[in-house]
Every structure is written in C-alpha cells, then in structure tokens.
Number of protein chains: 2
Amino acid sequence: MKNKRYSESLEDYLETIFMYGGKDVKSVDIAKHLNVSRASVNNALNSLIDKGLVTKELYGNIALTKSGMEVSKKVLEKHELLKEFLIDILGINPEQAEKEACGIEHIISDFTAVQIKKLMNKLKEKKD
Amino acid sequence: MKNKRYSESLEDYLETIFMYGGKDVKSVDIAKHLNVSRASVNNALNSLIDKGLVTKELYGNIALTKSGMEVSKKVLEKHELLKEFLIDILGINPEQAEKEACGIEHIISDFTAVQIKKLMNKLKEKKD
DNA sequence: CTATAATGTTAGCTGCATTTAACATTATAG
DNA sequence: CTATAATGTTAAATGCAGCTAACATTATAG
C-alpha cells in the first residue's frame, strides 16, 4: 500500500513486462515494444531490481515482484481507461489516443482514474 | 503554424513567462514559480533563445518572440482547460488538479483539448 | 556436438535538466 | 556616491535515460 511514484520510463518498462502476463518476457521483446535498445532494457531492469519491483538473475528470467505487479497493474489499468475515454468519449483517433494515454497514465492519481471511469460510465449508459 | 514540440521543462518556462503578460519577468520570479535555481532558469532561457522562442541580452529583459508567444499561449490554455475539467467535472481537489493539469498540458494535442472543451460545455449546460 | 544466430551484458559516451558555489552586474538604501 | 543587497551568469558536477560497440552467454540448426 505504499503507492510510491516511479519515473515514466520505469513505469513503461513495468507495464510492458506486465502485459506479457508472466509468459517469460525477454529483454528483446521489451526492447521492441518500447523501441529502445537491448542495453537500455538491461539498464532499466537493473533499476527495477534495485527498487524491488523485478527479479532476475544474470541471463535469467524476468519476473515482477508482488509490489512490481501492483504498480504495473495500476499503470496498465489507467492506460486502458484513458485510451477508452479518449477514443469513445472524446473521439480521438486510436493511434493518437494510444500515444496520449501512454503519457497521461503516469500522471493521474488513482482517484482521478476512478472519477474518469465514473464519468465514462454515466456518459455511456446515457447513450441508450 | 509549425506546431513544433518542446520538452515539458521548456514549455513550463515558456508558460511561466507568458503568465506575466509582458510585465518584465525576472529570472528570479521564474525560479520561484517553478521551484528551481536561478542557474536553471538561465540555462533554460538560453535554450529558448537558441530555439527562437525568447529574446534577451546579457543582463537584459526577457521577452517572448511571436512564436514563443504562440507556444506559451497554447500550453497555458490547455493548463486552464484541464484544471477546470479536473475540478468542475471530475471533482478533483484544486491542488491535485493543478499538479495533474501541469503534467497533462504537455501531452494532449490541440484537437484533444478542443474535444475536452466541447464535452465540458455539454456537461455544464446540461446541469441546468 | 558444434558453428552460428539470437539474446544479454558491459563500458563508455551523449544530451537534458537539474544543482551548488563562485563570480559579475545591476539596483537601491543611506 | 558608494556599500550592500539582489539578481544574473558561469563552471563544474550530478542523475537519468538513452545510445553504440564490443563482448559473453545461451539457444538452435545442421
């Protein structure tokens, strides 16, 4: 229940690992997904390990710790919520919505996310 | 009509200068407003001068160029729009809204801003 | 099995945004 | 006017996040 803040960059790495749902993510996959070099992934992973969010041994498998999991999940949920809001409510095109969600997800609080969700539900049910 | 992108940091400096509405901003004011050192302001100003967004001579007055003005104005407008949306529509507390607006303003496109404005107007007039 | 390809790691570099500390200039209080 | 305070500038350092290039390990195709 710490709710510590991490850099956007590190949250992006966490989110990417989380997306693979425990399915043996490779550094190289993360690198492709985030459009960065393998070296950058390595760096970031070491940072995440230091912070107790990820575990991995030399040449070993990447896994999220419990707290890494919590952080990742929240970020990904915000991402999806924002994307839906941008596309369905504001009419932003999916590609642009993806980009903006990817930035905003790191900024809004959990409470703001909840409020967006409520608003979205209200607006969607009213469309009937 | 270029619509070039600048770093969040530089946009913050521009926004701050713009807020003073041409009233002879001092480096020291900017420093206080952004909670950074005078040295950082100096650095940023030189960057902005390089990019043709600000003019200033050694120990001279700070002014926005035409294009610096355009960029600043857009950022500040987004800031205010977002803050209003967060407070009035989502019920976020003003202090938190301020913080989040300050981050999101650098991310959303002009189009997204327009769409938020439309949504907000619709929601506000319906409150009657 | 082993050679090669794929992946992971390390070292050293870059750019950006910040800092502190020292110094320069400008403004102002007496 | 001049001493002092306020402001502005510069230099040197830091941390972060990325890069490339070289090297190490692991996986795989023959």
Side-chain angles (χ1 to χ4, degrees), chain A residues 4-17 19-20 22-64 68 71-72 75 99 102-107, chain B residues 4-17 19-20 22-64 68 71-72 75 99 102-107:
Chain A
K4 276 231 211 79
R5 310 298 327 261
Y6 302 97
S7 71
E8 305 203 351
S9 167
L10 290 187
E11 286 191 357
D12 284 338
Y13 286 100
L14 284 177
E15 202 183 353
T16 305
I17 298 167
M19 276 183 14
Y20 279 80
K23 277 185 222 75
D24 184 28
V25 214
K26 304 302 201 60
S27 271
V28 79
D29 301 323
I30 301 173
K32 274 172 199 150
H33 186 259
L34 294 178
N35 258 296
V36 295
S37 68
R38 296 193 320 270
S40 297
V41 175
N42 218 265
N43 246 331
L45 288 176
N46 286 327
S47 235
L48 292 170
I49 291 167
D50 279 354
K51 293 176 169 55
L53 299 165
V54 160
T55 56
K56 183 178 81 67
E57 283 148 27
L58 251 191
Y59 298 101
N61 282 82
I62 298 163
L64 291 167
V71 177
S72 310
V75 178
K99 242 193 303 184
C102 214
I104 303 172
E105 67 190 3
H106 306 293
I107 295 172
Chain B
K4 275 229 210 79
R5 310 298 329 261
Y6 302 98
S7 71
E8 306 203 350
S9 167
L10 289 187
E11 286 191 356
D12 284 337
Y13 286 100
L14 284 177
E15 203 183 354
T16 305
I17 298 167
M19 276 184 12
Y20 280 79
K23 276 184 223 79
D24 183 27
V25 215
K26 304 303 204 56
S27 271
V28 79
D29 302 323
I30 301 173
K32 275 172 200 149
H33 186 260
L34 294 178
N35 258 295
V36 296
S37 67
R38 297 194 317 271
S40 298
V41 175
N42 218 265
N43 245 332
L45 288 176
N46 285 327
S47 234
L48 293 170
I49 291 167
D50 279 354
K51 294 176 168 53
L53 299 165
V54 161
T55 55
K56 182 178 83 63
E57 283 147 26
L58 248 192
Y59 297 99
N61 281 82
I62 298 164
L64 291 167
V71 176
S72 310
V75 177
K99 242 193 304 184
C102 213
I104 303 172
E105 68 190 4
H106 306 292
I107 295 171

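Letters A, B, ... mirror the listed sequences (proteins, then strands); counts begin at 1.
Between A:Y13 and D:dG18, a side-chain N or O to OP1/OP2 separation shorter than 4.0 Å is present. OP1 or OP2 of D:dC16 has not a single side-chain nitrogen or oxygen of A:S9 nearer than 4.0 Å.
Note: CG (A:N42) to C1' (D:dC19) measures 14 Å, nearest angstrom. The nearest whole Å value for the distance from the CG atom in A:N43 to the C1' atom in D:dA17 is 8 Å.
With a 4.5 Å cut-off on side-chain heavy atoms, A:E105 and A:E15 count as touching. In this structure, the side chains of B:D12 and B:H106 come closer than 4.5 Å at one or more pairs of heavy atoms. Two residues are said to be in side-chain contact when any heavy atoms from C-beta on lie closer than 4.5 Å; A:K99 and B:I107 fail this criterion.
Residues satisfying the side chain to side chain contact (heavy atoms under 4.5 Å, CB included) criterion with A:K56, sequence neighbours excluded, are A:L45, A:I49, A:I62.
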(request) Dot-bracket for DNA chain D, please, read 5' to 3', with Watson-Crick or G-U wobble pairs under 3.5 Å on both distances, ( ) within the strand, [ ] crossing, | other strand, . unpaired. (result) ||||||||||||||||||||||||||||||
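The span of DNA chain C lying next to chain A, judged by atoms under 4.0 Å from heavy atoms, is bounded 5' to 3' by C:dT7 to C:dT10.
Distance alone, capped at 3.5 Å, places no donor-acceptor pair between the A:N42 side chain and the A:R38 backbone.
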Just distance, no hydrogens or angles: give the donor-acceptor pairs under 3.5 Å from side chains in residues 25-33 of chain B, sequence neighbours left out.
unit_1 : atom_1 : unit_2 : atom_2 : d
B:D29  : OD2    : B:K26  : N      : 2.9
B:H33  : ND1    : B:T16  : OG1    : 3.3

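Contacts between residues 23-41 of chain B and DNA chain D, defined by a heavy-atom separation below 4.0 Å, involve B:K26, B:S27, B:V28, B:R38, B:A39, listed by number. Residues of residues 45-57 of chain B having a heavy atom closer than 4.0 Å to DNA chain D, listed by number: B:K56.
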